[in-house]
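Have a look at the structure below, then the notes.
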Amino acid sequence: MSNTQSGIIAPRSLRNSRDLARVTAGLLGVSAAMLMPVQVLAQAQSQPQDAGEAPLATMTVEDTAIDPNPNAQVGVPFKARTSGDERHSRPLAETPATISVLTRAQIEQSGYTDLSRILDTQPGVTVGTGENGNAFGDRYIIRGQEAKSDVFVDGLRDPGMTIRESFAIEQIEISKGPNSSFAGRGSSGGAVNAITKQATTDFNFTKASVGVGTDDFIRATADINYSTGNSFAIRANALYATTDVPDRSPAFRDRKGLAVSAVYAPTDNLSITLDYYGLRAHDNPDLGGFLITNPDGTRVPGPTLPVYAQDTDFLKSDVDTFTARIKYAFSPNVRITNLTRYGSSYNQYVNSGLGLRTTSAFNATGIYTTGGIDNGHTGWQDVAYIANQTNLYVDANLFGAKHQFIAGVEYTKHDVDSGNFTLTRTGIRNCRVANSAGANDQFCITDASGNA
């Protein structure tokens, strides 16, 4: 081995050693050269360098935590650099729109798992789900405008009125204000776009988490990505979660989910991605209580909120979606993407609501008004849809400036069937309303003495 910088010529038998040995010998040569006479160094430097050798380049190694989200700022997991919707071609900081982005790290640290609870914490967004029986899936209101139909997944509209989970979401983007150029019809108040976890060929990883708590709380998730190299990768996310609602029996929540993504990139110009998302949610929802009026006129939640959920109540959501993405680059400045999705969702519920009952005198208190179980809120909705979106991206230099042109076309077809269930309660009624013909014809919320 020869190191002309150190002035040491090693035996020829060492010239085929591995790079690690070469670096070590070079370091030792530097130390030895400091003790040699000047003429020896000059003689060594006059020897020609072996033709098959080259100086070793400086190598810098940076160690960062694995973050499979391609839109997050490297090393800053709470900061989203770009949008998951490619139609926002510029970084978010350069996009002239109000877009709030929640990355995976923010979602995990919030402690919330349902999309409705996550969005309920965001300024300008309110949630109408669960308002005394309104359980027809997630309902969002952005800047005072109804947005339950302006929910997107990876840039494609998700029309099903269902329960939405976060186990397969990489980041959530909330656009505020009119943005029909991207969200289409409606969207006067804003839109929600959920970016799902995609397979990556960059590295392999396995993540798992298990949570166990009181009230039969169990939540387990797994996130596995496997890559065979530069051309194929598959990623799977799984969820199992169940819990009772503390002190609100018989309310409970149950979730089972699976999301699978596979990508195939035979060339640098072509990539094909196939996704599947499935969720089975079964709840007995606790729709909360009611407000009371204090003597000073303020309205506050009642100090004791009765549980009026019944054992037979339920809220079920079954969701299945299949998505195909094709990306092809004709040149560095011209590319095209095509997304096709077929989805189906079935949402059904029977929930007991709270009403007021003016009862006849059957105790010392006389006639009084008490909370009563109503005849129930029921409904079902079956949605099947297909959507196709094609976008053409062209970068060009015109008149001395760089321009980005995006042209898109989308076709969507929704088939919706909906209806109601007929509910018949067979339990023994516990009170009588005023001017009624029967002795016991209502379900009223009373204490053991019959008081409201």
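Positions are given from 1 along the sequence. Because the structure is predicted, anything quoted here is derived from the model rather than measured.
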(request) Scan side-chain atoms only and decide if Arg341 and Thr323 contain a donor-acceptor pair under the 3.5 Å cut-off. (result) yes

(message) Looking at every heavy atom in both Ser100 and Lys176, which two are closest together, and how far apart are they?
(response) OG-NZ, 3.4 Å

(message) Any non-hydrogen side-chain atom of Phe152 less than 4.5 Å from a side-chain atom of Asp154?
(response) no

(request) Would you check if Leu239 and Glu165 make a side-chain contact, meaning some heavy-atom pair closer than 4.5 Å? (result) yes

(message) Checking Gln389 against Asn391: is there a side-chain donor and acceptor pair closer than 3.5 Å?
(response) yes

(request) Report yes or no: do Asp320 and Ser344 form a side-chain donor-acceptor pair below 3.5 Å? (result) no

(request) Go through the steps to decide whether Val350 and Thr312 satisfy the test side-chain contact (heavy atoms from CB on, under 4.5 Å), and finish with yes or no. (result) CA-CA 8 Å; Val350 172; Thr312 55; 5.8 Å; no

(request) Hey, could you give me the CG/CD distance between Asn333 and Gln404, rounded to the nearest 0.5 Å? (result) 10.0 Å

(message) Any donor-acceptor pair under 3.5 Å linking the side-chain atoms of Thr221 with those of Ser209?
(response) yes

(message) Taking Val260's backbone N and O only, do any of them form a donor-acceptor pair with Asn237's side chain (distance below 3.5 Å, no angle check)?
(response) no

(request) Drop me the distance from Phe322's CZ to Tyr276's OH, to the nearest 0.5 angstrom. (result) 5.5 Å

(message) So that I can tick it off, tell me whether Lys327 and Glu86 are bridged by a salt bridge, with the cut-off set at under 4.0 angstrom between side-chain N and carboxylate O.
(response) yes

(request) Tell me, yes or no, whether the heavy-atom count around Tyr226 atom OH, taken from other residues, nucleotides or ligands under 6.0 Å, exceeds 12. (result) no

(request) Would you check if there is a donor-acceptor pair between the side chains of Thr201 and Asn230 at a distance under 3.5 Å? (result) no

(request) May I ask you to decide whether Arg253 forms a salt bridge with Asp114, counting only side-chain N to carboxylate O separations under 4.0 Å? (result) no

(message) Check whether Lys197 reaches the backbone of Arg235 with its side chain - one donor and one acceptor, N or O, closer than 3.5 Å.
(response) no

(request) Flag the pair Asp158 and Arg164 as a salt bridge only when some basic side-chain nitrogen lies within less than 4.0 angstrom of an acidic carboxylate oxygen. (result) yes

(message) Determine whether a donor-acceptor pair (N or O, by modelled atom type, separation under 3.5 Å) exists between the side chain of Gln122 and the backbone of Leu119.
(response) no

(request) Output, in order, the C-alpha distance, side-chain angles, deciding distance and verdict of side-chain contact (heavy atoms from CB on, under 4.5 Å) for Ile141 and Val127. (result) CA-CA 6 Å; Ile141 302 170; Val127 177; over 6 Å; no

(message) Between Asp150 and Arg157, does any NZ, NE, NH1 or NH2 come within less than 4.0 Å of an OD or OE carboxylate oxygen?
(response) yes

(request) Please answer whether the main-chain N or O of Ser345 pairs with a side-chain N or O of Asp318 as donor and acceptor at a distance below 3.5 Å. (result) no

(request) Could you tell me whether the side chain of Asp415 reaches within less than 4.5 Å of the side chain of Val383, counting heavy atoms only? (result) no

(message) Apply side chain to side chain donor-acceptor pair (under 3.5 Å) to residues Asn347 and Thr162 and explain how you reach the verdict.
(response) CA-CA 6 Å; Asn347 193 75; Thr162 63; over 6 Å; no

(request) Please name the pair of heavy atoms, one in Gly379 and one in Asn420, separated by the smallest distance, quoted to 0.1 Å. (result) CA-ND2, 3.8 Å

(request) Report yes or no: do Asn204 and Ser227 form a side-chain donor-acceptor pair below 3.5 Å? (result) no

(request) Indicate yes or no: at least one non-hydrogen side-chain atom of Thr243 is less than 4.5 angstrom from one of Ile218. (result) no

(request) Could you give me the CA-CA distance, side-chain angles and deciding distance for Asp254 and Lys256, then say whether salt bridge (charged side-chain N to carboxylate O under 4.0 Å, His left out) is met? (result) CA-CA 7 Å; Asp254 185 86; Lys256 299 179 182 68; 2.9 Å; yes

(request) Scan side-chain atoms only and decide if Gln198 and Thr196 contain a donor-acceptor pair under the 3.5 Å cut-off. (result) yes

(message) Does the Lys NZ or Arg CZ of Lys207 fall within the cation-pi geometry relative to Phe205 - under 6.0 Å from the ring centre and within 45° of the axis?
(response) yes

(request) May I ask you to test the Pro285-Asn351 pair for a side-chain heavy-atom distance under 4.5 Å? (result) yes

(message) Pair Thr273, Ser261 - check side-chain contact (heavy atoms from CB on, under 4.5 Å), show working.
(response) CA-CA 7 Å; Thr273 305; Ser261 173; 3.9 Å; yes

(request) Please confirm whether the backbone N or O of Ile169 pairs with a side-chain atom of Arg104, one donor and one acceptor, at under 3.5 Å? (result) yes

(request) Mind checking the OG-CD1 spacing from Ser175 to Ile142? Nearest 0.5 Å is all I need. (result) 8.0 Å

(request) Quick one: pull up CG in Asn284 and CG in Asp313 and give me the separation to the nearest 0.5 Å. (result) 5.0 Å

(request) Ignoring hydrogens and angles, tell me if any N or O in the side chain of Thr206 forms a donor-acceptor pair with the backbone of Ile224 under 3.5 Å. (result) no

(message) Can a donor-acceptor pair be found, under 3.5 Å and without considering hydrogens, that links the side chain of Asn225 to the backbone of Thr200?
(response) yes

(request) Enter the distance from Ile195:CD1 to Thr103:OG1 here, rounded to the nearest 0.5 Å. (result) 12.5 Å

(message) Minimum heavy-atom separation for Gly155 and Arg87, please, with both atom names.
(response) O-NH2, 3.5 Å

(request) Quick one: closest heavy-atom pair of Arg335 and Ala329, and the distance? (result) CB-CA, 3.9 Å

(request) Please confirm whether Arg117 makes a cation-pi placement over Tyr112, using NZ or CZ under 6.0 Å from the six-membered ring centre and within 45° of the ring normal. (result) no

(request) Classify the ring geometry between Tyr277 and Phe167 as parallel (under 30°), tilted (30 to 60°) or perpendicular (over 60°). (result) parallel

(request) May I ask you to decide if the ring planes of Tyr385 and His414 are parallel, tilted or perpendicular, using 30° and 60° as cut-offs? (result) perpendicular

(message) Quick check for you: to the nearest 0.5 Å, what is the distance between Phe252 atom CZ and Asp215 atom CG?
(response) 14.0 Å

(message) When you compare the side chain of Tyr393 with that of Phe405, does any pair of heavy atoms fall below 4.5 Å?
(response) no

(message) Checking the side chain of Thr95 only, and the main-chain atoms of Pro91 only, is there a donor and an acceptor separated by less than 3.5 Å?
(response) yes

(request) Give the minimum heavy-atom separation between Thr121 and Ile118, together with the two atoms involved. (result) OG1-O, 2.7 Å

(request) Examine the side chains of Thr340 and Asn338 and answer whether a donor and an acceptor come within less than 3.5 Å of each other. (result) yes

(request) Please examine the side chains of Ile174 and Ile99, heavy atoms only from C-beta on, and report whether any two atoms are closer than 4.5 Å. (result) no

(request) Measure the shortest side-chain to side-chain distance between Leu392 and Thr337 over non-hydrogen atoms and say whether it is less than 4.5 angstrom. (result) no

(message) For a side-chain contact (heavy atoms from CB on, under 4.5 Å) check, start with the C-alpha distance between Arg255 and Ile163, then their side-chain angles and the critical distance, and finish with the verdict.
(response) CA-CA 10 Å; Arg255 305 280 191 274; Ile163 295 174; 3.7 Å; yes

(message) When you compare the side chains of Asn397 and Lys402, does any donor N or O come within less than 3.5 Å of an acceptor on the partner?
(response) no

(request) Ignoring hydrogens and angles, state whether a donor on the side chain of Ser83 or Glu173 is under 3.5 Å from an acceptor on the partner side chain. (result) yes

(message) Exactly one of Val153, Val101, Asp85 should register a side-chain contact (heavy atoms from CB on, under 4.5 Å) with Asn193. Which one does?
(response) Asp85

(request) Look only at the side chain of Thr378 and the backbone of Phe421, and say whether a donor-acceptor pair between them is shorter than 3.5 Å. (result) yes

(request) For Ala262 and Phe232, work out which heavy atoms get closest and say how close. (result) CB-CE1, 4.3 Å

(request) Taking His282 for its side chain and Phe314 for its backbone only, find out whether a donor-acceptor pair lies under 3.5 Å. (result) no

